[in-house]
There are 2 protein chains.
Amino acid sequence: MTLSEQQLSLIEEFGIYQENNGFQPAVARVMGLLLVSDRAELTFDDISETLNISKSATSNALNMLLNTGHIEYTTFPGDRKRYFRIKSSNWRDLFSKKMEDLSHLNGLLKRVMEVRKRENPIYDTKLNDFISFLDYMKNKLPDLIDEWEMTRK
Amino acid sequence: MTLSEQQLSLIEEFGIYQENNGFQPAVARVMGLLLVSDRAELTFDDISETLNISKSATSNALNMLLNTGHIEYTTFPGDRKRYFRIKSSNWRDLFSKKMEDLSHLNGLLKRVMEVRKRENPIYDTKLNDFISFLDYMKNKLPDLIDEWEMTRK
DNA sequence: TCATTAGTTCATAATTTGCAGAACTAAATT
DNA sequence: AATTTAGTTCTGCAAATTATGAACTAATGA
């Protein structure tokens, strides 16, 4: 398993991106490696050796990614190794997560409006606008996704 | 500065939300307090005392939020205190951040496609689909925002 | 039956982070 | 001139996070 300079730095960049999404550093690197490697499926030892992380860290990372549905594995008859790969169905989930997150934010902001009693309602208007904006987005996004599906056919 | 139970727990919930967006706990609580408090503008000491955080943590949090444009302050003649408030123009930024983040991801994924040479191109299709989906979203979102603006008039 | 493979689990070490407290500054007030 | 106000900066600690290495297991193979 040798990787080009570009692959190595993409693993790091993607790793940092995923750290910001709440993944542990090593876990994020494993995702990066599975994403950029020329082979789609890698073994435990491929991953451990290529990324220079211990077996325990590798085990922990792979199990976490399996549990959260980010990766999966196949096996081959007469071969005890597991071959890990990114679960491609999960790409769309990255997008959905962001949208759900905005929905969560919107819920919080609606509660803020119920709870606080501002003597000066100027600031209320802005926040209400934003809430309505998020509501609008939430309604329209499914349509947008459908439209995109149509362009593919 | 007394807060209701609901206000206190909203500060915590919003705080956790913002921690997940990469803010330090104390910084996230300051945002939460400025968001839910009945008064729109609070002083250094209001914040420090209400949240029970030290002056250094308060100073640090306020300066970070000022630097990142999340809050601003006014002053009043003959009063040395600063009165901090959430920068309401920044609501929309919360949304933009999520979108920029997806754009960043898309950039990384495009580089992945350039760099990796898969013998088995089945997985390439899925990733290319996702890239094209993100491109589509990025193009259409400004229109969606415009549409929303129209509904307001 | 002994060794190897493919991992897992556990205790512990190494960082990182987040915050407090004390000492400090600079302006305003007494 | 001394004190108060409104913060800022610096040092260091405590807790949390992350990774390691060693010991373990369970299955396979020689």
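Each chain gets a letter, A, B and so on, in the order the sequences are listed, and its residues count up from 1. From a predicted model like this one, the values you see are computed outputs, not experimental measurements.
- Inspection of the B:Lys98 and B:Asn21 side chains reveals an N or O donor paired with an N or O acceptor under 3.5 Å.
- When the C1' atom of C:dT29 is taken as reference, atom CZ of B:Arg80 falls 9 Å away, rounded to whole Å.
- Nucleic acid contact class of A:Asn60 (heavy atoms, under 4.0 Å, all strands): none.
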Quiz item: After noting the C-alpha distance and the side-chain angles of A:Asp129 and B:Arg152, does the key distance pass the salt bridge (Lys or Arg N to Asp or Glu O under 4.0 Å) rule?
Solution: CA-CA 9 Å; A:Asp129 278 0; B:Arg152 316 248 86 204; 2.6 Å; yes
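- The residue B:Ile53 sits close only to the backbone: its heavy atoms come under 4.0 Å of sugar-phosphate atoms, none of a base.
- Protein atom OH of B:Tyr73 is 12 Å distant from nucleotide atom C1' of D:dG7, rounded to whole Å.
- Between B:Phe84 atom CZ and D:dA6 atom C1' the separation is 10 Å, expressed in whole Å.
- The aromatic rings of A:Phe130 and B:Trp91 lie parallel to each other, their planes meeting at an angle below 30°, with 60° marking the opposite boundary.
- In this structure, A:Leu62 places its CG atom 15 Å from C1' of C:dT9, rounding to the nearest Å.
- Within 6.0 Å of the CE atom in B:Met64, the count of heavy atoms belonging to other residues, nucleotides or ligands does not exceed 12.
- Under a 4.0 Å N-O distance rule, the pair B:Arg39/A:Glu119 does not qualify as a salt bridge.
- Just one of B:Thr2, B:Thr50, B:Asp38 meets the side-chain hydrogen bond (donor to acceptor under 3.5 Å, both in side chains) condition when paired with B:Gln7; it is B:Asp38.
- Between the CE atom of B:Met64 and the C1' atom of C:dC19 there is a distance of 14 Å, given to the nearest Å.
- In plain terms, the two heavy atoms of A:Leu108 and B:Phe14 that are nearest each other are CD1-CA, 4.0 Å.
- Contact check, B:Lys55 against D:dG7: no side-chain N or O comes under 4.0 Å of OP1 or OP2.
- Within residues 14-49 of chain B, the residues that place at least one heavy atom under 4.0 Å from DNA chain C are, in residue-number order, B:Gln24, B:Pro25, B:Ala26.
- Here A:Arg82 reaches the OP1 or OP2 of C:dT8: one of its side-chain N or O atoms lies under 4.0 Å away.
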Practice problem: Please assess B:Arg116 against B:Asp124 for the test salt bridge (Lys or Arg N to Asp or Glu O under 4.0 Å), listing each intermediate value before the final yes or no. | Solution: CA-CA 10 Å; B:Arg116 77 183 190 186; B:Asp124 283 5; 2.9 Å; yes
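- A salt bridge does not link B:Arg82 to B:Glu72: none of the charged nitrogens lies less than 4.0 Å from a carboxylate oxygen.
- Nucleotide C:dT29 holds its P atom 12 Å from the NZ atom of B:Lys81, rounded to whole Å.
- Here the nucleotide nearest the side chain of A:Asp79, chosen from C:dC19, C:dA6, D:dT8, is C:dA6.
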What pairs of nitrogen or oxygen atoms, one from the protein and one from nucleotides 10-15 of chain D, lie under 3.5 Å apart?
none

